[in-house]
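As structure tokens, the structure follows; a few thoughts come after it.
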Protein chains: 2
Amino acid sequence: MPSSRLTADDWTAAALDAIGRGGLAAVAVEPLATGLGATKGSFYWHFANRDALIEAALLRWERDHTDAVISLVETQPDPLAKLRLLISTVIESTAGPHTDAIELAMLATAGHPHVAPVLARVTERRVAYTSGLFEALGLPPQEARHRGVTAVSAYLGLAQLAHAAPRTVPATSTDRQAYVDRLIGLLTTAG
Amino acid sequence: MPSSRLTADDWTAAALDAIGRGGLAAVAVEPLATGLGATKGSFYWHFANRDALIEAALLRWERDHTDAVISLVETQPDPLAKLRLLISTVIESTAGPHTDAIELAMLATAGHPHVAPVLARVTERRVAYTSGLFEALGLPPQEARHRGVTAVSAYLGLAQLAHAAPRTVPATSTDRQAYVDRLIGLLTTAG
DNA sequence: ACCTGAACACCGTTCAAGT
DNA sequence: ACCTGAACACCGTTCAAGT
């Protein structure tokens with residue numbers, strides 16, 4: 001039961017919720033207003049238009065969510081353990097049973113003009129971080145960079161596969177673990 | 001100057017054209033009708049609704065486009081040459097200068113209910129075909145399958161990167177070739 | 001400062017009427 | 001068989017008027 005007056009944050013929270021449930025297309029001002037017990041006119045006091053709401057919601061997601069995985073991974077002592085945890089975490093969250101609905105929605109709408117830059121920043125950080133792990137494993141910078149790109153590609157591509165062709169991706173937790181082990185084997189093989 | 005009477009194919013062609021230019025969102029009945037010099041009412045004679053048009057356009061793309069790459073690759077004599085041509089062709093077409101606009105639009109809207117199954121079929125064929133190449137290279141079936149999944153993931157993920165974070169992917173034709181070489185090196189390394 | 005309610009534009013969809 | 005034109009629904013957007 002929200003108070004009778006709404007804040008911009010109430011609208012972005014509702015928008016993020018909608019994105020998680022039905023993707024960007026589910027961010028519709030009229031249904032959102034109904035859900036919040038307000039009118040469309042109220043929305044336009046807080047935001048210039050639907051686009052501005054989407055942008056605000058995505059920026060909020062980026063701010064709250066970007067460092068989560070990296071902080072988790074940083075608890076590991078050595079680069080190989082970090083790489084192992086990074087890849088298995090990230091693959092579980094896309095191909096596993098409790099997927100990250102918002103991230104999947106973002107990937108599924110990567111072409112959207114507001115999604116693309118957010119995804120670009122998040123992805124560039126991930127490539128940089130992963131490349132750093134390969135450097136810490138002793139690979140020369142260029143080789144480390146290529147493997148970082150390949151590792152992130154493998155993750156993004158598997159997410160795509162899990163969504164578009166689920167039959168092709170490892171189905172059980174054990175299968176996924178075996179897949180991750182082989183992937184790490186390929187990625188850490190001597191140059 | 002089209003004849004005064006339109007066929008269903010005229011509409012699907014116009015729809016595919018729109019997808020290539022602006023993605024699924026660009027498939028709007030009213031502007032399409034205007035572009036074809038007809039009215040919306042004419043459209044609804046040929047199709048039940050906008051959804052049916054999108055589905056027809058995507059099926060047409062699948063039919064016309066699916067085997068193109070595989071046929072090209074099959075001209076190569078041995079599995080390694082096929083793999084090399086497959087990966088470089090497919091990476092050029094997403095990260096290179098003349099990208100396949102429709103395929104990129106499909107990947108950018110992979111979440112759409114009509115796009116997903118088309119992408120699923122195309123992708124499953126690609127995984128199966130690529131896994132077959134690894135088997136032909138002498139790898140045991142399960143290992144070959146994993147590498148096929150990884151190869152297709154690497155392609156799909158690089159397409160995503162090229163779109164979402166262009167700064168992270170190899171920019172010049174030479175760089176891309178070097179990247180492909182390393183990728184093939186990793187993928188064909190002994191198990 | 002924040003919200004309502006009515007209005008309008010745009011596009012998807014329907015359908016009776018035309019050729 | 002194929003198309004027009006008018007109508008309606010839905011949602012984005014604007015804005016004068018309320019508290």
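We name chains A, B, ... by the order of the sequence lines, and we start the count at 1 in each one. Given the structure is predicted, the values throughout are model-derived calculations rather than measurements.
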By nearest atom, which of the nucleotides [options] is closest to the [X] side chain?
X     : options               : result
B/E30 : C/dC11, C/dG5, D/dC3  : C/dC11
A/S42 : D/dC3, D/dT13, C/dC3  : C/dC3
B/V29 : D/dT13, C/dG12, C/dC3 : C/dG12
A/T39 : D/dT4, C/dT4, D/dT13  : C/dT4

*Toward the 5' end of DNA chain D, which comes first, A/G41 or A/A28, by nearest nucleotide?*
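Between the two, 5'-proximity favours A/A28.
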d([atom1], [X]; [atom2], [N]) in whole Å:
X     : N      : atom1 : atom2 : result
A/W11 : D/dT13 : CH2   : P     : 13 Å
B/D10 : D/dC2  : CG    : P     : 12 Å
A/F43 : D/dT14 : CZ    : P     : 10 Å
B/W45 : C/dT19 : CH2   : C1'   : 13 Å
A/L32 : D/dG12 : CG    : C1'   : 13 Å
A/N49 : D/dT13 : CG    : P     : 5 Å
B/R50 : C/dT14 : CZ    : C1'   : 18 Å
A/D9  : C/dC2  : CG    : P     : 13 Å

*Hey, can you tell me if B/H112 and B/H114 have their rings parallel, tilted or perpendicular (30° and 60° cut-offs)?*
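Judged by the thresholds at 30° and 60°, the geometry between B/H112 and B/H114 is tilted.
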*Any idea how A/F43 and A/F47 line up, ring-wise: parallel (<30°), tilted (30 to 60°), or perpendicular (>60°)?*
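Rings of A/F43 and A/F47: parallel, under 30°.
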*For D/dA1, which nucleotide is its Watson-Crick or G-U wobble mate, given both distances must be under 3.5 Å?*
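Answer to the pairing question: C/dT19, which forms a Watson-Crick or G-U pair with D/dA1.
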*Paired with D/dC10 by Watson-Crick or G-U wobble geometry, both distances under 3.5 Å: which nucleotide is it?*
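Because no pair has both required distances under 3.5 Å, D/dC10 counts as unpaired.
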Between [X] and [N], does any side-chain N or O lie under 4.0 Å from OP1 or OP2?
X     : N      : value
A/Y44 : D/dT13 : yes
B/H46 : D/dA1  : no
B/R5  : D/dC2  : no

*OG1/B/T123 to CZ/A/R167 distance, rounded to the nearest 0.5 angstrom?*
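If we round to the nearest 0.5 Å, B/T123:OG1 and A/R167:CZ are 12.5 Å apart.
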*Decide yes or no for B/E74 and B/Y129: does some side-chain heavy atom of the first lie under 4.5 Å from some side-chain heavy atom of the second?*
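When only atoms from C-beta onward are counted, B/Y129 and B/E74 do touch, with a gap below 4.5 Å.
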*Does a distance-only test, which skips hydrogens and angles, find a donor-acceptor pair under 3.5 Å between the side chain of B/K40 and the base of D/dG5?*
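Checked by distance alone, the answer is no.
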_One pair to check against side chain to side chain donor-acceptor pair (under 3.5 Å): A/D10 and A/H46. What are the steps and the verdict?_
CA-CA 10 Å; A/D10 293 329; A/H46 296 285; over 6 Å; no
